[in-house]
Protein chains: 2
Amino acid sequence: MTTKHTVKNKGEQQLELPRYFPYKLSVLNTVVSQSIAQLYLGRFNLSRQEWRIIAALGIQRSMSAKELVAYTSLEKMQVSRAIARLRNDDMLYQQEDSNDRRYHLLSLTEKGKITYRKIVPLALAREEFILSALTEEEQEQLLSLMEKVHDKADELQQWG
Amino acid sequence: MTTKHTVKNKGEQQLELPRYFPYKLSVLNTVVSQSIAQLYLGRFNLSRQEWRIIAALGIQRSMSAKELVAYTSLEKMQVSRAIARLRNDDMLYQQEDSNDRRYHLLSLTEKGKITYRKIVPLALAREEFILSALTEEEQEQLLSLMEKVHDKADELQQWG
DNA sequence: TATTGTTATACTCTATAACTATA
DNA sequence: TATAGTTATAGAGTATAACAATA
């Protein structure tokens, strides 16, 4: 793909936004994530952070805030605040870990579980609709390619 | 991929964040876009909006604010504000369109062009590094798959 | 002294919409 | 009345870092 970005005379390089991979990825992510956000924001009045935490605890039973940070790719501050809001809305509750009282084990309340059970089928249906653009084989290809790109980008970010 | 998300007994559906496509896409986008943002933010002190506008005008010579909205996938308000900041920094200048004075044609100043020429090779190098995770063929596959997914997600968003 | 988690602060980004000017 | 672009405003999100509690 050496001619993907036009190379003008004198070897001057051009960057065409509509063909620039990070731009395309960003635009795609915006469209996809907004189509999901319509659900948790519009219909359930949850922030992205709250939605991720509910999704995490819905399947994992209980986690500490630190584990949630790792599992949801959110910052510890975002997690801390989302937890506070969700507790305030009676969606989850805390227990102290008896071994190490710095850990607060978080679990969904019955209300949180009900929300989880309502939102999950809708979220999965949206994913399924979006991925119906691809065959099963293409879906696997896409995920595999994304993973490779992810690893390389990680490398880049670490080097600054 | 019918077993991708675990289906528990009683047909209750589960959603595993690490396997959920919109989540994976979002995480990938975060990593990739941050690796580019290190450039325009860290080294050139440009916002994402400013960077996109410079990239647009660097190759397109001159555009109106409305055209920039379409070209950069930014909101007209973001464009308006980024233009104000860039004009203030003497990176671009406005001319009124003689036919329709509502249109302001925007172009890079010499300073803007110098910035563009400095940043573009670095931005392209980062893209190239990231995509070096893939063969040429895989790159084309990835872009093609992303486009299909994009179209479907567009559909979904329009239906709400 | 290190770790888990919370809070303070200031800053930026965003969304909605009102507004100006041109047509 | 419609369009291009700007400005106002308030709310949400973000980053840095200080802080408390526990180990």
Side-chain angles (χ1 to χ4, degrees), chain A residues 26-27 29-31 33-34 37-38 40-42 44-53 56-57 62-89 92-107 157 160, chain B residues 26-27 29-31 33-34 37-38 40-42 44-53 56-57 62-89 92-107 157 160:
Chain A
S26 164
V27 172
N29 178 57
T30 299
V31 175
S33 67
Q34 277 183 4
Q38 285 176 335
Y40 55 72
L41 260 174
F44 293 86
N45 200 31
L46 296 170
S47 70
R48 190 178 60 117
Q49 290 80 356
E50 289 160 357
W51 149 242
R52 283 197 185 171
I53 286 171
L57 296 179
S62 70
M63 296 171 97
S64 71
K66 192 187 180 189
E67 288 170 309
L68 280 170
V69 167
Y71 191 85
T72 60
S73 304
L74 299 170
E75 306 283 314
K76 71 171 183 172
M77 215 190 14
Q78 295 181 306
V79 167
S80 174
R81 284 175 183 158
I83 287 170
R85 287 192 297 269
L86 287 170
R87 287 180 70 190
N88 200 53
D89 288 350
L92 54 79
Y93 64 96
Q94 276 188 350
Q95 294 170 287
E96 279 186 353
D97 186 313
S98 46
N99 296 329
D100 185 338
R101 281 159 55 224
R102 287 176 304 184
Y103 284 87
H104 297 170
L105 282 179
L106 299 152
S107 318
Q157 226 191 344
Chain B
S26 164
V27 172
N29 178 58
T30 299
V31 175
S33 66
Q34 277 183 5
Q38 285 176 335
Y40 55 72
L41 261 174
F44 293 87
N45 201 30
L46 296 169
S47 72
R48 189 179 60 119
Q49 289 82 354
E50 290 160 355
W51 149 241
R52 284 197 185 170
I53 286 171
L57 296 178
S62 70
M63 297 170 99
S64 70
K66 192 186 180 189
E67 289 170 308
L68 280 171
V69 167
Y71 191 85
T72 60
S73 305
L74 299 170
E75 306 283 314
K76 71 170 180 172
M77 215 190 14
Q78 295 180 307
V79 167
S80 174
R81 285 177 182 155
I83 287 170
R85 285 191 299 270
L86 287 169
R87 287 179 71 191
N88 200 54
D89 288 349
L92 54 79
Y93 65 95
Q94 276 187 349
Q95 293 169 289
E96 279 185 352
D97 186 314
S98 46
N99 297 326
D100 186 337
R101 281 161 55 226
R102 288 176 304 183
Y103 285 86
H104 298 168
L105 282 179
L106 299 153
S107 318
Q157 224 190 347

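A note on names: the letters A, B, ... follow the listed sequences, proteins ahead of strands, and every chain is numbered from 1.
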### Query
Can you give one letter per nucleotide of nucleotides 15-23 of chain C, 5' to 3': B if a protein heavy atom sits under 4.0 Å from the base, S if only from the sugar-phosphate, - if neither?
BBB----BS
### B:Glu75, CD atom: more than 12 neighbouring heavy atoms under 6.0 Å
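Counting other residues, nucleotides and ligands, CD of B:Glu75 stays at 12 neighbours or fewer.
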### Message
Using the side-chain contact (heavy atoms from CB on, under 4.5 Å) definition, which of the options B:Ile53, B:Val79, B:Ile83 pairs with B:Leu106?
### Response
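Only match with B:Leu106 under side-chain contact (heavy atoms from CB on, under 4.5 Å): B:Ile83.
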### Query
Does C:dT14 have OP1 or OP2 sitting under 4.0 Å from an N or O in the side chain of B:Gln78?
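Answer yes for this pair, as a side-chain N or O of B:Gln78 is under 4.0 Å from OP1 or OP2.
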### Task
Verify, without hydrogens or angle tests, whether A:Glu67 (side chain) and A:Ser64 (backbone) share a donor-acceptor contact under 3.5 angstrom.
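At least one qualifying donor-acceptor pair exists.
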### Message
How many whole angstroms separate atom CD of A:Gln95 from atom P of C:dG5?
### Response
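About 14 Å, once rounded to whole Å.
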### Task
In whole angstrom, give the distance that lies between atom CG of A:Leu74 and atom C1' of C:dT6.
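It is 16 Å, rounded to the nearest whole Å.
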### Task
Decide yes or no for B:Asn29 and A:Thr30: does some side-chain heavy atom of the first lie under 4.5 Å from some side-chain heavy atom of the second?
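When only atoms from C-beta onward are counted, A:Thr30 and B:Asn29 do not touch, as no gap falls below 4.5 Å.
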### Message
Check the phosphate of D:dT6 against B:Gln94, side-chain N and O only, distance under 4.0 Å to OP1 or OP2. Yes or no?
### Response
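It does, given that an N or O in the side chain of B:Gln94 lies less than 4.0 Å from OP1 or OP2 of D:dT6.
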### Message
Using a 4.0 Å heavy-atom cut-off, does B:Glu67 contact any base of the nucleic acid, only the sugar-phosphate backbone, or nothing at all?
### Response
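Counting heavy atoms under 4.0 Å across all strands, no contact is made by B:Glu67.
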### Task
Return the value, rounded to whole Å, for the distance between atom CG of A:Leu86 and atom P of C:dT6.
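Computing the A:Leu86:CG to C:dT6:P distance gives 12 Å.
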### Gap between atoms CZ and P, on A:Arg85 and D:dG11 respectively (whole Å)
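Atom CZ in A:Arg85 sits about 15 Å away from atom P in D:dG11.
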### Distance in angstrom units between B:Lys66 NZ and D:dA2 P, rounded
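Those two atoms, NZ and P, are 14 Å apart.
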### Query
Any salt bridge (charged side-chain N to carboxylate O under 4.0 Å, His left out) pairs touching residues 76-87 of chain B, not counting sequence neighbours?
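Applying salt bridge (charged side-chain N to carboxylate O under 4.0 Å, His left out) to every pair that reaches into residues 76-87 of chain B, excluding sequence neighbours, yields B:Glu50-B:Arg85.
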### Task
Using heavy atoms to find the nearest nucleotide of DNA chain C for A:Ala84 and B:Gln49 separately, return the residue whose nucleotide is more 5′.
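With A:Ala84 and B:Gln49 compared, the 5'-side residue is A:Ala84.
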### Query
Among side-chain atoms of B:Ser47 and B:Arg52, is any donor-acceptor pair under 3.5 angstrom?
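Checked: B:Ser47/B:Arg52 side chains show no N/O donor-acceptor pair below 3.5 Å.
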### Task
For B:Tyr103 and D:dT6, give me the distance from atom OH to atom C1', rounded to whole Å.
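Nearest whole value for this atom pair: 16 Å.
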### Query
C:dT12 C1' sits how many Å from B:Asn45 CG, rounded?
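After rounding, the reported distance stands at 13 Å.
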### Message
Can you confirm whether the side chains of B:Thr72 and B:Arg48 place a donor and an acceptor under 3.5 Å from each other?
### Response
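Their side chains do not contain a donor-acceptor pair, so the 3.5 Å distance test is not met.
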